[in-house]
Amino acid sequence: MQTIKSFLLLFLLGLLQPFGYAQELLDELVPLDEKVRTGQLDNGLKYYIQHNPKPEDKLELRLAIKAGSMQENENQLGLAHFLEHMAFNGSEHFEKNDLISYLQSIGVAFGSDLNAYTSFDETVYMLPIPTDEEKLNNGFQVMRDWAGGLLLNADDIDAERGIVVEEWRTGQGVNQRLRDAYLPVLLHDSRYADRMPIGKMDIIRNAADSLVRQFYQDWYRPDLMAVVAVGDVDPDKVEELIKGYFSDLKNPETARTREYYDVPTHKENFVKIITDEEAPGIQVQLYYKQEARPSNSYEDYKGRILRTMFGGMITQRLDEIRQKADAPFIFAGARYGNLVRPLDFFTISGVVGPRKLKDGLLAFLTENQRVVDYGFTQSELDRVKRSLLNSSEKSLKEMDKMESRTLVGRYVSHFLNTSFADGPESRYDFYQDIIPKITLEEVNDIARELIRKENIVLIVTAPEKDKETLTPEAELLALLENADEIETTPYKEDLVREELMLTKPNSGEVINVSHDEEVDVTTVMLGNGMQVYFKPTDYKNDEVIFSASSEGGTSLYSLEDHYSANYAGSAINIMGIADFTPSQLKKVLAGKNVQVIPNISTYSESISGATTPGDFEMALQLIHLYFTSPRMDKSLWEVFLANQKNQLESASVNPDFQFNKRVNEIISNGNPRGKGIYTAGQLDSIDLNQSLKIYKERFANAGDFNVLFTGNIDLEKMLPLVAQYLGSLPGNSNEKEDFVDLGLSPPQDLKETIKVGVDDKSQVILYFSGETAYDLEKSQQLSYLGEILTIKLIETLREEIGGVYGVGARGSLSKVPEERFNFSISFPCGPESVDKLKAAVWEQVQKIQEEGPDEADLEKVRETKRLDLEENLKRNGFWHGQLNAAINGGLPLNTVLGAEDRVLGVTAAQVKEVANLFLQRQFLLEITRYPANFEE
């Protein structure tokens, strides 16, 4: 009897407790994804291994090291990053340049595939590798050499100095100057403030070789390392390779202590205003600094969810304010994040117009205080809950289709920062249990946790010309420190209906359905003349991408309507559709996987986006409304116009803006139809009524559109919905339109010099263009030429001369508005090196023109393209792009099936031929950027 009573008592107590994650479970540690295997060698090196079959025959390798610029001595500033460069310049098994050359030969591209980065607290090397036996072993040998076999020869160190200086040069500019001024304030009294990874150039140029080697010996050691391997290889084999290649690594007998540094808190608050003559507008960054939160238990996980909710809901409120007339800021957002390892932050940041600094800050502080005083509403919380639940569900559905490169980073982060690295199933289960139980009280309590009275930093960056009108620092500080005295009222939310369409249209007629077996595409002709294509795939479980396009665009309108036509699509994105403003539309779509974007370009109009099978009907409803119900809202438009004018005025002092404006003028070759908007006066020429009229005209005839859906297609379920929402659109297939060629062709045989900015840096653009017959094979040959020339230019301009950090060449053929070719070569460099580097470029071009490409380089590009195509053929985006190009370009649907032959069939003779055909000075537009005070 006593046993029964005890059981009943426990049962009744259980009824009073919520099921799922009770407090004792919240205290448990969040496990790693059950699919990952972890281990540690005797020397301390850790490893993470996960088998993942997508893409096939590829393994993503990472070498993560818990050492970065924070470990540098005062005479080593920048050498952690410099050492990362040296990892590609000679090791025990790969002589200088042999490593990059070998990896290129097996399809691993330098930069896009093979890469590395150095930060404050870590250095990470990235290597995707094919999985056949020899290449796999060589990949692990590369990683092993990085970990403990770098040669660091004196000559190689000296050769690399100039390349690092050029990398530093590319980062110079207004953003760097502003950052250098505010980081010491934001990272007040911490070592981080003096340890930017790029370092000091006098040290880079002059440091003794021994200092580089010393950093390598001190910090590249197995007890600070992890190998992460995710891909299509048996984990047993990977584990065997890790043990075989890394077990003999040894730690120094007297290893230096790896210290972890703090960012001290400060009771006082700081305000820093920084002005610069090239600063693009007035930016306000309000930081509530926090000690970094742990990422260990489910309680920590719940805390992260709460902070994510908090930031998202404040951002939504700020977005609503932004759209009001005379808003105190142009745009703003809030989020919780991490700045450096020991420092988290909650921030509201945004851009304000001239003379609105104080109003903007007051708006930020008011919204924060409003949440402290009154909290959020239940409807706000419900929306953000739906979004987070939807995110976890989508991840779960796609977990067997995730590519290795998207998985590998979370294990690197787990090793470096103990970040969460749970699996999609675990995340989904936790979200489904905990999120519905989160209360308003819990979220509102976060406000008092994040919005504090101390340890706050306000950073304001502004153009020098606005300096005299900026609110003084002392006044901003007083406003900041008395924020809790701001009087607020409860947030009032407009009620928004959940249905996009109160009355659904009657279905249109399906005239014909045909199927192309060769490419597995179903074509449907609707009664209104619209052609709809369906390409089913199994590459993603929960993805459908789509595009509806038609020829015409802004080319059909007069010069008088040029800017009104150019902004017609933007106007609808600003004003909304049917009864919904953009802000209201966001609320309706919360928790839905729907993205629909209308666009009107020079020669076509389109509606494109992505959705899921579950939200397919809602996506179609949106498409229908974008066709039929663009919304006029002069108030929203006037706010947008005022903000655009402010931004244009502020940006006008920025040298990058000035450079791009001048490039646009040059490229348009005197044709006003090619010019973008760069002044407030141009904005004033937009007639909103005319923009809306143009938009309606461009989308008036559905019979002139081709629509393509690609992804997880269930035709039996989707075709009736397509007939209802797209077939019911007004249309007439007999009223097809074509674009008008506006004659927008760049000039040829022309040299232009643009002098802007104060920084000692230049940029070179060599742009070849002209008329030629469109040919798919020749387009591929031109693409080959671009990649081969990039290889040669990296070898010469970067590795031999040391004059650039990066350089690229690329080319293609196009059909619209006329059949043309274009080929560009571009690179940043020092002003003093421009002529020498241009000459070196022409030397490489002429060598290919006279001798053809090296066969080894041809094979490198062929192998890279082969592997890229192999992977792309299993991606929705590739199929959608190829089919869309065929449908709208008048090519057969099976054109995509010839991609392999076109990619693999390019010969050295063909590359030589296109080099001679297209890379002629008579086709060349040469643009060179210099500093404003540069004397040639």
Side-chain angles (χ1 to χ4, degrees), residues 67-89 110-111 115-125 152 156-184 187 191-209 211-212 215 274 276 278-279 340 654-656 659 756-764 793-794 796-808 826-834 836-837 928-934:
S69 60
M70 291 295 286
Q71 280 60 61
E72 296 167 343
N73 298 330
E74 290 299 321
N75 61 354
Q76 292 178 315
L77 299 184
L79 296 191
H81 171 246
F82 189 92
L83 180 58
E84 171 218 308
H85 275 241
M86 292 306 302
F88 301 92
N89 281 279
F110 181 55
N115 215 325
Y117 75 86
T118 303
S119 188
F120 289 104
D121 284 294
E122 75 263 10
T123 305
V124 177
Y125 295 89
L152 303 177
D156 296 336
I157 288 174
D158 287 341
E160 196 67 21
R161 296 179 195 270
I163 296 172
V164 175
V165 169
E166 288 307 314
E167 181 180 0
W168 165 83
R169 191 193 305 275
T170 63
Q172 294 301 285
V174 60
N175 291 333
Q176 160 265 322
R177 294 194 296 274
L178 295 174
R179 182 195 65 219
D180 288 352
Y182 70 67
L183 268 186
L187 297 170
R191 184 181 175 91
Y192 285 94
D194 301 317
R195 287 295 187 281
M196 288 300 295
I198 195 64
K200 295 186 179 299
M201 289 308 103
D202 59 337
I203 291 178
I204 297 300
R205 291 185 178 102
N206 303 304
D209 304 343
L211 292 175
V212 181
F215 190 92
I274 309 146
D276 190 287
E278 296 177 354
V340 292
N654 184 269
D656 291 335
F659 177 72
V756 292
V758 299
D759 292 291
D760 189 37
K761 61 182 183 181
S762 285
Q763 184 174 347
V764 175
L793 295 178
I794 288 174
T796 53
L797 273 63
R798 176 181 162 123
E799 300 301 331
E800 293 177 16
I801 300 175
V804 303
Y805 172 61
V807 58
S826 61
F827 54 89
C829 63
E832 73 285 352
S833 302
V834 166
K836 177 173 69 173
L837 295 173
T928 307
R929 172 177 174 172
Y930 288 106
N933 61 358
F934 182 78

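Note that the structure is a prediction, hence the values are computed from the model and not measured.
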Which heavy atom of [X] sits nearest a heavy atom of [Y], and at what distance?
{"X": "Cys829", "Y": "Gly803", "value": "CB-O, 3.7 Å"}
{"X": "Tyr125", "Y": "Leu83", "value": "OH-O, 4.0 Å"}
{"X": "Ile794", "Y": "Phe110", "value": "CD1-CD2, 4.3 Å"}
{"X": "Pro828", "Y": "Gly806", "value": "CD-O, 3.5 Å"}
{"X": "Met196", "Y": "Leu183", "value": "SD-CD1, 3.4 Å"}
{"X": "Pro184", "Y": "Ala193", "value": "CA-CB, 3.9 Å"}

For the pair Phe120 and Tyr192, name the ring-plane relationship: parallel under 30°, tilted 30 to 60°, perpendicular over 60°. perpendicular
Under the side-chain contact (heavy atoms from CB on, under 4.5 Å) test, which residues partner Arg191, sequence neighbours left out? Met70, Arg195, Tyr261
Would you call [X] and [Y] a side-chain contact if the rule is heavy atoms closer than 4.5 Å?
{"X": "Val174", "Y": "Asp759", "result": "no"}
{"X": "Val758", "Y": "Arg177", "result": "yes"}
{"X": "Asp760", "Y": "Arg169", "result": "yes"}
{"X": "Ser833", "Y": "Glu166", "result": "no"}
{"X": "Val834", "Y": "Tyr930", "result": "yes"}
{"X": "Ile157", "Y": "Asn89", "result": "no"}

Presence of salt bridge, [Y] and [X], under 4.0 angstrom:
{"X": "Lys836", "Y": "Glu800", "result": "no"}
{"X": "Lys200", "Y": "Asp194", "result": "no"}
{"X": "Asp202", "Y": "Arg205", "result": "no"}

What's the separation between atom [atom1] in [X] and atom [atom2] in [Y], rounded to the nearest 0.5 Å?
{"X": "Leu797", "Y": "Leu837", "atom1": "CG", "atom2": "CG", "answer": "4.5 Å"}
{"X": "Phe82", "Y": "Ser69", "atom1": "CZ", "atom2": "OG", "answer": "16.0 Å"}
{"X": "Asn175", "Y": "Asp180", "atom1": "CG", "atom2": "CG", "answer": "10.5 Å"}

For the pair Lys761 and Thr170, evaluate side chain to side chain contact (heavy atoms under 4.5 Å, CB included) and give the outcome as yes or no after the intermediate values. CA-CA 7 Å; Lys761 61 182 183 181; Thr170 63; over 6 Å; no
So which pairs with a foot in residues 77-88 pass side chain to side chain donor-acceptor pair (under 3.5 Å), sequence neighbours left out? His81-His85, His81-Glu167, Glu84-Thr118, His85-Glu160, His85-Glu167
For [Y], does its backbone N or O pair with a side-chain atom of [X] as donor and acceptor, under 3.5 Å?
{"X": "Arg798", "Y": "Tyr805", "answer": "yes"}
{"X": "Glu278", "Y": "Gly173", "answer": "no"}
{"X": "Asn654", "Y": "Asp656", "answer": "yes"}
{"X": "Ser826", "Y": "Val764", "answer": "no"}
{"X": "Arg161", "Y": "Ile204", "answer": "yes"}

Dump the intermediate steps for side chain to side chain contact (heavy atoms under 4.5 Å, CB included) on Glu799 and Ile163, then the final yes or no. CA-CA 8 Å; Glu799 300 301 331; Ile163 296 172; 4.0 Å; yes
